[in-house]
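Below you'll find the structure, written out as structure tokens, and then a few comments.
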Amino acid sequence: MSIAAVSPSPYWFITRGTGAIALVLLTVTVALGVADVRRTRLRGVPRFVFDSVHRSASLLAVAFVAVHVVTTLLDGFAPIGIIDAFVPLHSAYRPIWLGLGAVAFDLLLAVTITSLLRQRLGYRAWRLTHWLAYASWPVALVHGFGTGSDAKTHWLLVLSAICVAVMLTAVVARVTAGWPGQLPARVSALGAAALIPIGLVAWLPSGPLAAGWARRAGTPLSVLAKTYGTTTVAASTGGSTSGAGSTTGSGGASSLNGSSAVSGTIRQSQLPDGSALVDISLTAGSGRLHNVHIRIRGQAAPGGGVQMTTSRVSAGPMANPDQYQGRVTGLNGTTVRATVSDGHGSSAVVVAQLTVPPGGGPVTGTLTTTPSH
């Protein structure tokens, strides 16, 4: 579990956006393809316009996928090479889920190339290859959930649900055209289409939506280490770094000065609004601040971690664990700096230097407190 995360590059934001747009365009392309098979006509719209929209959506989908791939390679956050974009299971980064993206990309390239060479290949060869667009859609959808950093966000879940609904509608429209002729084949197609939403509902809660997915998906330890605190990030706390209460009582100052070993837990969860929440609960072996609870909220970062926007810190002795209140004033990897005060003139700077196991487990470290003046 990470505390601070590496600030994402502009390439990462472009990769996220183009991936989502490509999924929408691919959904539109397949749906229009099904409608074209049924010779659907819109009142007042010439047929060549319908065909032109279908062709344009296809080309745009390929273009956005290409940008998606290029920005992924340029980002450099994960060890993804150009071969990984074409060869499935070659990448050291989430090989299965990135490999599905390579499969979808290869299928789209095959459709595009054969469409450009349609006159030379003949209609039958082109038509058989064109059906690959249907196969690329579910592969791309699963790839997005398996490798994307937005898998837990509400907007992507809603967008994906809409795409699935559009695809199911398109398949039903295609299958029911000419019903009940070739009934076994039509029923089989409906059953195969139904497997997509059923499979997602069964897989997502224990997969991409569950805690620790980045590690279980095959993210290399070197990448996980980036979000486990090897890089300093600036914390946006909305104010200065000085704590509440600028004076310190004489009795409180001496009791808030020292260092102690700590142990505890760290958990990251997803909030309904799509933001991430990190909870750190620590217990010190000695000192006045026996219990320390740190809560950090922010935007989930790629591969795990949180870009902090707000925070809350409570600390105190065993008899009064919430005696001191404050906020995080700085993050440097797995080192958390906070300022706390009891509201009666006693305040301190708390620095927790933590060791977070990559595979999860108890957190250990050192807690240092100094009076704040």
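Not measured: the values here are computed from a predicted model.
- Linking ILVMFWY side-chain heavy atoms closer than 4.5 Å, directly or via other members, places I21 and V139 in two distinct hydrophobic clusters.
- L89 is connected to F105 through a chain of hydrophobic side-chain contacts under 4.5 Å among Ile, Leu, Val, Met, Phe, Trp and Tyr, so both are in one cluster.
- In this structure, W203 and F145 have perpendicular ring planes: the angle between them is above 60°, well past the 30° mark.
- Side-chain N or O atoms of S160 include none that pairs as donor or acceptor with a backbone N or O of L157 at under 3.5 Å.
- For the pair R16 and W12, the distance from NZ or CZ to the six-membered ring centre is under 6.0 Å and the angle to the ring normal is within 45 degrees.
- The CG atom of L282 sits 10.5 Å away from atom OG of S260, with the distance rounded to the nearest 0.5 Å.
- If you take OG1 on T147 and CD1 on I80, they are separated by 7.5 Å, rounding to the nearest 0.5 Å.
- Aromatic pair W97/W213: ring centres closer than 6.0 Å.
- With values rounded to the nearest 0.5 angstrom, L367 atom CG is found 10.5 Å from T283 atom OG1.
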**Request:** Carefully, step by step, assess I196 and M167 under the rule side chain to side chain contact (heavy atoms under 4.5 Å, CB included).
**Result:** CA-CA 10 Å; I196 296 176; M167 281 299 305; over 6 Å; no
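- More than 12 heavy atoms of other residues, nucleotides or ligands shown are found within 6.0 angstrom of CG on L116.
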**Message:** If you apply the rule side chain to side chain contact (heavy atoms under 4.5 Å, CB included), what do you find for H293 with V313, and how did you get there?
**Reply:** CA-CA 6 Å; H293 182 206; V313 180; over 6 Å; no
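- Side chain of S341 to backbone of S347: no donor-acceptor contact under 3.5 angstrom is found.
- Note that CG of D84 and NE2 of H90 are 6.0 Å apart. Values are rounded to the nearest 0.5 Å.
- At a threshold of 4.5 Å between side-chain heavy atoms, the hydrophobic network of Ile, Leu, Val, Met, Phe, Trp and Tyr places I96 and L107 in one connected group.
- By the criterion of side-chain heavy atoms lying less than 4.5 angstrom apart, applied directly or through intervening Ile, Leu, Val, Met, Phe, Trp or Tyr residues, V30 is grouped together with L109 in one hydrophobic cluster.
- Heavy atoms of other residues, nucleotides or ligands lying less than 6.0 angstrom from CG of L183 number more than 12.
- Distance check: T368 OG1 to L289 CG gives 11.0 Å after rounding to the nearest 0.5 Å.
- Criterion: ILVMFWY side-chain heavy atoms under 4.5 Å apart, direct or through other members. Under it, L132 and W137 are part of a common hydrophobic cluster.
- Among R295, R312, R267, R297, the single residue meeting the salt bridge (charged side-chain N to carboxylate O under 4.0 Å, His left out) criterion with D279 is R295.
- Formation of a donor-acceptor pair under 3.5 Å by the T334 side chain with backbone atoms of L354 is found in this model.
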